[in-house]
Amino acid sequence: MTRKPWELPFLAEAAEAAEVAGLRRAVRRHLRSWGLSDVADAAEICVSELASNVISHVGEGTPVTLAVEMNGTHLRVALRDPDTRVLPTLVHAGPDDESGRGMALLDAVSDRWGVILGAESKLVWCDLATSLRTPDGHVGDRRVAKGEACLTLYSGADGDRGRASVAVMEEAAIVLITDLLHWLRVHGSDADEALDRAQTRFEAETGTTR
């Protein structure tokens with residue numbers, strides 16, 4: 001599975017709760033499609049704290065970009081904004097303090113975090129550990145494992161799971177689907193209906209839509 005970097009631009013708004021909730025939902029849906037639902041809770045926390053920090057300290061109406069990508073086998077969640085003067089700070093809030101806990105929470109749930117300063121923007125990022133052995137691997141999904149085993153036999157692949165073999169397996173998947181459609185046709189089934197049913201089932205299981 002190739003997990004391409006994903007970005008979502010938005011404006012920091014005063015309606016913080018609604019804004020952050022929408023970002024959390026978007027990240028959870030995207031991680032589900034990547035097969036990384038096991039880190040979705042931690043990713044949502046990171047998104048919440050990063051977004052709240054921008055909304056509170058940079059200002060309403062600030063153009064911000066949420067970026068999600070793989071950093072090796074870690075998931076990287078980051079926010080980019082144009083204010084290079086306001087930097088996040090890890091503080092130890094007391095029990096009576098009304099603020100200051102956000103970055104401490106982010107620090108607790110992530111493996112590492114930091115800031116990358118550019119000429120006109122800054123990127124605040126955090127990395128979350130996954131169960132992946134390779135960036136293009138998958139985590140304990142029985143259906144993916146079954147499909148991969150089938151494609152390995154179908155394509156004659158030698159078991160390499162690097163980026164080069166992903167393209168080979170993708171082509172094998174297309175050939176296999178085509179052959180299955182031929183099988184359905186000669187047995188009197190409607191190939192288009194079968195494709196629609198498969199797509200509907202896939203969307204229901206992954207929470208995605210065409």
Side-chain angles (χ1 to χ4, degrees), residues 1-95 97-139 162-163:
M1 174 184 292
T2 301
R3 300 175 175 90
K4 297 180 180 179
W6 172 70
E7 293 190 349
L8 178 64
F10 66 97
L11 292 178
E13 299 291 350
E16 178 181 323
E19 184 77 58
V20 173
L23 293 173
R24 289 168 62 106
R25 287 193 298 271
V27 167
R28 179 169 288 276
R29 285 196 300 268
H30 201 78
L31 293 185
R32 187 186 300 129
S33 72
W34 276 6
L36 295 177
S37 294
D38 58 323
V39 293
D41 289 343
E44 284 192 27
I45 292 173
C46 292
V47 169
S48 293
E49 300 310 325
L50 291 173
S52 296
N53 193 64
V54 171
I55 293 170
S56 299
H57 300 293
V58 178
E60 181 180 359
T62 301
V64 188
T65 299
L66 168 66
V68 180
E69 63 182 350
M70 297 304 299
N71 180 28
T73 58
H74 282 72
L75 176 72
R76 172 161 291 187
V77 178
L79 251 66
R80 182 184 300 108
D81 71 73
D83 195 329
T84 59
R85 299 165 300 171
V86 180
L87 302 180
T89 304
L90 180 61
V91 298
H92 298 285
D97 293 335
E98 296 182 358
S99 61
R101 296 185 178 84
M103 296 307 296
L105 181 57
L106 182 143
D107 183 68
V109 301
S110 65
D111 270 25
R112 50 187 177 252
W113 66 274
V115 182
I116 299 174
L117 285 176
E120 299 179 349
S121 66
K122 71 171 181 289
L123 184 79
V124 185
W125 58 268
C126 63
D127 282 354
L128 302 172
T130 71
S131 301
L132 296 173
R133 294 184 179 181
T134 65
D136 293 328
H138 57 84
V139 181
R163 286 187 179 275

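Predicted, not measured: the structure shown is a model, and the values here were computed from it. Numbers here simply count residues along the sequence, with the first being 1.
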**Q** Heavy atoms only: give me the nearest Ser131-Asp38 pair and the separation to one decimal.
**A**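 Heavy atoms only, the tightest pair is OG-OD2, 3.7 Å.
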
**Q** If I take atom CG from residue Leu79 and atom SG from residue Cys126, how far apart are they, to the nearest 0.5 angstrom?
**A**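 Rounded to the nearest 0.5 Å, the CG-SG separation comes to 9.5 Å.
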
**Q** For Ser37 and Arg32, which heavy atoms make the closest approach, and how far apart are they?
**A**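 Here Ser37 and Arg32 meet closest at OG-CA, 3.6 Å.
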
**Q** Looking only at heavy atoms, what is the nearest atom pair of Thr73 and Pro135, with distance?
**A** CG2-N, 4.0 Å

**Q** Taking C-beta and beyond as the side chain, do Asn53 and Val86 meet within less than 4.5 Å on heavy atoms?
**A**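 In short, these two side chains do not touch, never coming nearer than 4.5 Å.
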
**Q** Could you go step by step and tell me if Asn71 and Trp125 meet the side-chain contact (heavy atoms from CB on, under 4.5 Å) rule?
**A** CA-CA 11 Å; Asn71 180 28; Trp125 58 268; 5.8 Å; no

**Q** So which atom in Val20 and which in Ser48 form the shortest heavy-atom distance, rounded to 0.1 Å?
**A** CG1-OG, 3.4 Å

**Q** Between Pro9 and Thr65, is there a side-chain heavy-atom distance shorter than 4.5 Å?
**A** yes

**Q** According to side chain to side chain contact (heavy atoms under 4.5 Å, CB included), who are the partners of Leu23, at least two apart in sequence or on a separate chain?
**A** Leu8, Phe10, Val47, Ala51, Leu66

**Q** Using side-chain heavy atoms (C-beta onward) and a distance below 4.5 Å, is Leu31 in contact with Leu75?
**A** yes

**Q** Looking only at heavy atoms, which two atoms of Leu128 and Ser110 are closest? And how far apart?
**A**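 Closest heavy-atom pair between Leu128 and Ser110: CD2-CA, 3.7 Å.
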
**Q** To the nearest 0.5 Å, how far apart are CD in Glu120 and CG in Asp83?
**A** 12.5 Å

**Q** Does any N or O in the side chain of Ser33 come within less than 3.5 Å of the main-chain N or O of His30, such that one atom is a donor and the other an acceptor?
**A**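 Pair found, side chain donor or acceptor close to backbone of His30.
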
**Q** Not counting sequence neighbours, list each pair that qualifies as a salt bridge (charged side-chain N to carboxylate O under 4.0 Å, His left out) and has a residue in residues 62-76.
**A**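 Every pair satisfying salt bridge (charged side-chain N to carboxylate O under 4.0 Å, His left out) with a residue in residues 62-76: Arg76-Asp127.
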
**Q** For Arg112, look at atom CZ and say whether over 12 heavy atoms of other residues, nucleotides or ligands are found less than 6.0 Å away.
**A**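 Counting other residues, nucleotides and ligands, CZ of Arg112 exceeds 12 neighbours.
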
**Q** Just so I know, are the side chains of Val109 and Glu49 near enough to count as touching, which here means a heavy-atom distance under 4.5 Å?
**A**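 The answer is no; the side chains never approach within 4.5 Å.
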
**Q** When rounded to the nearest 0.5 angstrom, what distance separates OG1 in Thr130 from CH2 in Trp34?
**A**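 Output value for this atom pair is 11.0 Å.
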
**Q** Would you please name every residue forming a side chain to side chain donor-acceptor pair (under 3.5 Å) with Asp81, sequence neighbours left out?
**A**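 For Asp81, the residues satisfying side chain to side chain donor-acceptor pair (under 3.5 Å) (neighbours in sequence not counted) are Lys122.
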
**Q** Where do Val27 and Ala43 come nearest, in terms of heavy atoms and distance?
**A**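 Answer, listing the atom of Val27 first, then Ala43: CG1-CB, 4.0 Å.
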
**Q** Got Arg28 and Asp41 here, is their nearest side-chain heavy-atom distance under 4.5 Å?
**A** yes

**Q** Does some side-chain heavy atom of Trp113 sit less than 4.5 Å from a side-chain heavy atom of Val77?
**A**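 No - every pair of side-chain heavy atoms lies 4.5 Å or more apart.
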
